[in-house]
Amino acid sequence: MATIRQLVIDVLKPHEPTMLAVADEIADLDGVDGVNAVLLEMDEEVRNIKFTIEGTDIDFETVNATVEDTGARIHSVDRVACGEYIVEDSPTAQD
Amino acid sequence: MATIRQLVIDVLKPHEPTMLAVADEIADLDGVDGVNAVLLEMDEEVRNIKFTIEGTDIDFETVNATVEDTGARIHSVDRVACGEYIVEDSPTAQD
Amino acid sequence: MATIRQLVIDVLKPHEPTMLAVADEIADLDGVDGVNAVLLEMDEEVRNIKFTIEGTDIDFETVNATVEDTGARIHSVDRVACGEYIVEDSPTAQD
Amino acid sequence: MATIRQLVIDVLKPHEPTMLAVADEIADLDGVDGVNAVLLEMDEEVRNIKFTIEGTDIDFETVNATVEDTGARIHSVDRVACGEYIVEDSPTAQD
Amino acid sequence: MATIRQLVIDVLKPHEPTMLAVADEIADLDGVDGVNAVLLEMDEEVRNIKFTIEGTDIDFETVNATVEDTGARIHSVDRVACGEYIVEDSPTAQD
Amino acid sequence: MATIRQLVIDVLKPHEPTMLAVADEIADLDGVDGVNAVLLEMDEEVRNIKFTIEGTDIDFETVNATVEDTGARIHSVDRVACGEYIVEDSPTAQD
Amino acid sequence: MATIRQLVIDVLKPHEPTMLAVADEIADLDGVDGVNAVLLEMDEEVRNIKFTIEGTDIDFETVNATVEDTGARIHSVDRVACGEYIVEDSPTAQD
């Protein structure tokens with residue numbers, strides 16, 4: 001299988017644990033080099049957060065289990081790059 | 001024939017297999033260095049995904065067969081670069 | 001735990017102490033290399049300020065305590081990067 | 001005569017041959033280093049495609065003949081760069 | 001205290017002295033490497049000017065006194081960077 | 001006199017000769033290194049083209065004569081850079 | 001006094017002399033390395049031109065006198081950078 005080098009997930013989580021705590025847990029996983037978390041929306045019950053994960057060998061199932069263990073869930077996988085390097089998406093006239 | 005170095009395809013696929021699984025299969029093909037997949041739209045039945053594929057010698061027929069084997073299909077080829085390096089498209093007053 | 005390398009917080013503060021004084025106090029903390037403060041809004045009572053903090057090992061609790069000691073408070077944590085380097089967030093079609 | 005180093009053409013073509021096949025034929029010409037093709041519009045009868053061609057000595061007549069041999073035609077020449085290097089167009093207040 | 005490396009101030013000043021003269025006085029201060037001044041608005045009585053000041057050790061009180069000595073005044077401090085290098089502000093979904 | 005290093009002209013020309021031919025003639029002039037031509041508008045009678053010309057010593061009168069010899073004319077000189085290097089225009093609040 | 005390294009002026013001039021001639025005269029001044037001139041507006045009587053001037057020691061009074069000798073006049077000084085290097089203006093939330 002090809003190596004997953006970048007993964008962008010849209011996550012819904014309750015107030016606790018914090019965005020920081022979830023980012024920290026993901027960043028500690030094997031094959032993950034770093035994590036960026038951006039708060040997209042917050043209302044009384046739910047935070048909507050976008051995580052961008054980079055690494056040399058990201059395991060999606062472990063990321064998913066880690067997110068769910070914190071009480072959050074992945075709403076969608078919005079972007080993935082796999083292979084020998086991170087390929088950027090190239091613009092099209094349809095964008 | 002000239003070498004295909006970049007290919008951007010617009011793909012429609014059912015829920016399963018995942019975007020990740022399709023990207024992974026394409027990234028494993030000979031002549032492909034890496035794949036970027038971006039989720040464009042999802043509704044109950046269908047995911048619309050944009051794949052950007054880079055490599056030193058991409059074979060379109062093999063990419064197409066790989067996509068179709070997963071149950072998805074290429075809706076359109078939106079961008080291709082072939083030759084000695086990846087030529088970017090240059091802006092025009094008509095853009 | 002993974003290292004926090006970048007932290008963006010949205011802060012509400014009274015007129016005094018100044019934005020400069022708060023930025024200065026945060027920049028002096030262990031594990032912080034530098035701070036950027038941008039004035040977002042000011043009205044008669046309150047300043048709304050965005051702080052971008054970078055460092056090799058940012059401690060969120062200490063940052064929070066420092067902000068609160070000045071009479072200000074963190075309204076939201078809008079962005080965090082942790083791991084071996086600062087991962088940027090990658091654009092998605094949902095942005 | 002000065003060397004043509006970049007050429008952007010707007011091409012109308014029927015469904016067949018594919019955009020890939022036309023790009024490939026142009027990329028194989030003498031003096032051409034690479035080709036980028038972007039699908040601008042497709043309807044039932046016609047594809048509208050923008051080709052960006054780079055090379056050390058592009059011969060317009062050969063490009064034109066190659067396009068016409070595939071059953072397509074050049075609708076307009078939108079951009080050309082010639083000389084010792086590729087000059088970019090510089091913005092003006094009228095743009 | 002942490003070093004102030006960049007300071008952006010919004011200044012209101014009468015017609016005289018000129019923007020050039022004020023910028024020059026600030027640029028001559030100890031700890032200041034350079035100044036950029038941009039005219040934001042001018043009406044009959046007042047000029048509104050944005051000064052971006054960079055240096056290795058900017059002293060805010062001296063800058064303020066210098067501005068006031070010219071007959072102008074600082075309307076707001078819009079941005080400050082302090083620490084070991086100039087940290088840029090990082091975009092958030094709230095921007 | 002200072003050296004002209006960049007010149008942007010707005011040109012109106014009849015259908016013939018082609019944009020390519022005019023660009024080629026300008027690129028062949030002494031002191032010109034390269035030319036970029038962008039088609040701005042075309043109607044039945046006239047093409048409106050923007051030429052960006054770069055060189056180490058561009059002679060405006062020769063460029064003008066060359067354009068007029070082809071049957072075209074310079075509608076306006078929209079941008080010029082002269083001196084020891086190409087100075088870019090810097091943004092202002094009035095832009 | 002601190003060195004002026006960049007100056008952006010908004011100039012109104014009659015048809016003659018040309019923008020090119022004025023740019024050339026400014027570029028020839030001591031302490032000026034190069035000039036960029038952009039045509040902002042032209043009507044029957046007047047051209048409105050933005051000059052960006054860079055150098056190691058620009059003398060404003062000499063620039064002003066040179067502009068006025070050509071029959072043009074400086075409408076406003078829109079931007080100036082002085083000091084040891086060209087400081088760029090930094091964005092604020094008020095921009």
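Within 6.0 Å of atom CG in F:D43, more than 12 heavy atoms from other residues, nucleotides or ligands are found, so the atom counts as buried in its surroundings. For F:E41, the CD atom is loosely surrounded, since the number of other residues' heavy atoms within 6.0 Å does not exceed 12.
When the candidates G:M42, G:K50, G:M19 are compared by the number of heavy-atom contacts under 4.5 Å with chain F, G:K50 comes out ahead. The greatest number of non-hydrogen atom pairs below 4.5 Å with chain F, out of G:N36, G:I53, G:I26, is found for G:N36.
Within the 3.5 Å criterion, the main-chain N or O of F:A2 finds a donor-acceptor partner in the side chain of G:D24.
Here the closest non-hydrogen pair linking G:D78 and F:Q94 is CG-OE1, 3.3 Å. Smallest separation of non-hydrogen atoms from G:A27 and F:C82: CB-SG, 3.9 Å. Looking at every heavy atom in both residues, F:V87 comes nearest to G:V35 through CG2-N, 3.8 Å. Minimum heavy-atom separation, G:R79 to F:P91: NH1-O, 2.8 Å.
Contact check for G:L20 versus F:I4: side-chain heavy atoms found under the 4.5 Å cut-off.
For a residue to count as touching a neighbouring chain, one of its non-hydrogen atoms must lie under 4.5 Å from one of that chain's; by this rule F:I86 does not touch chain G. Of the two parts of G:E25, neither the backbone nor the side chain holds a non-hydrogen atom closer than 4.5 Å to a non-hydrogen atom of chain F.
The distance from atom CG of G:D89 to atom OG1 of F:T92, rounded to the nearest 0.5 Å, is 10.0 Å.
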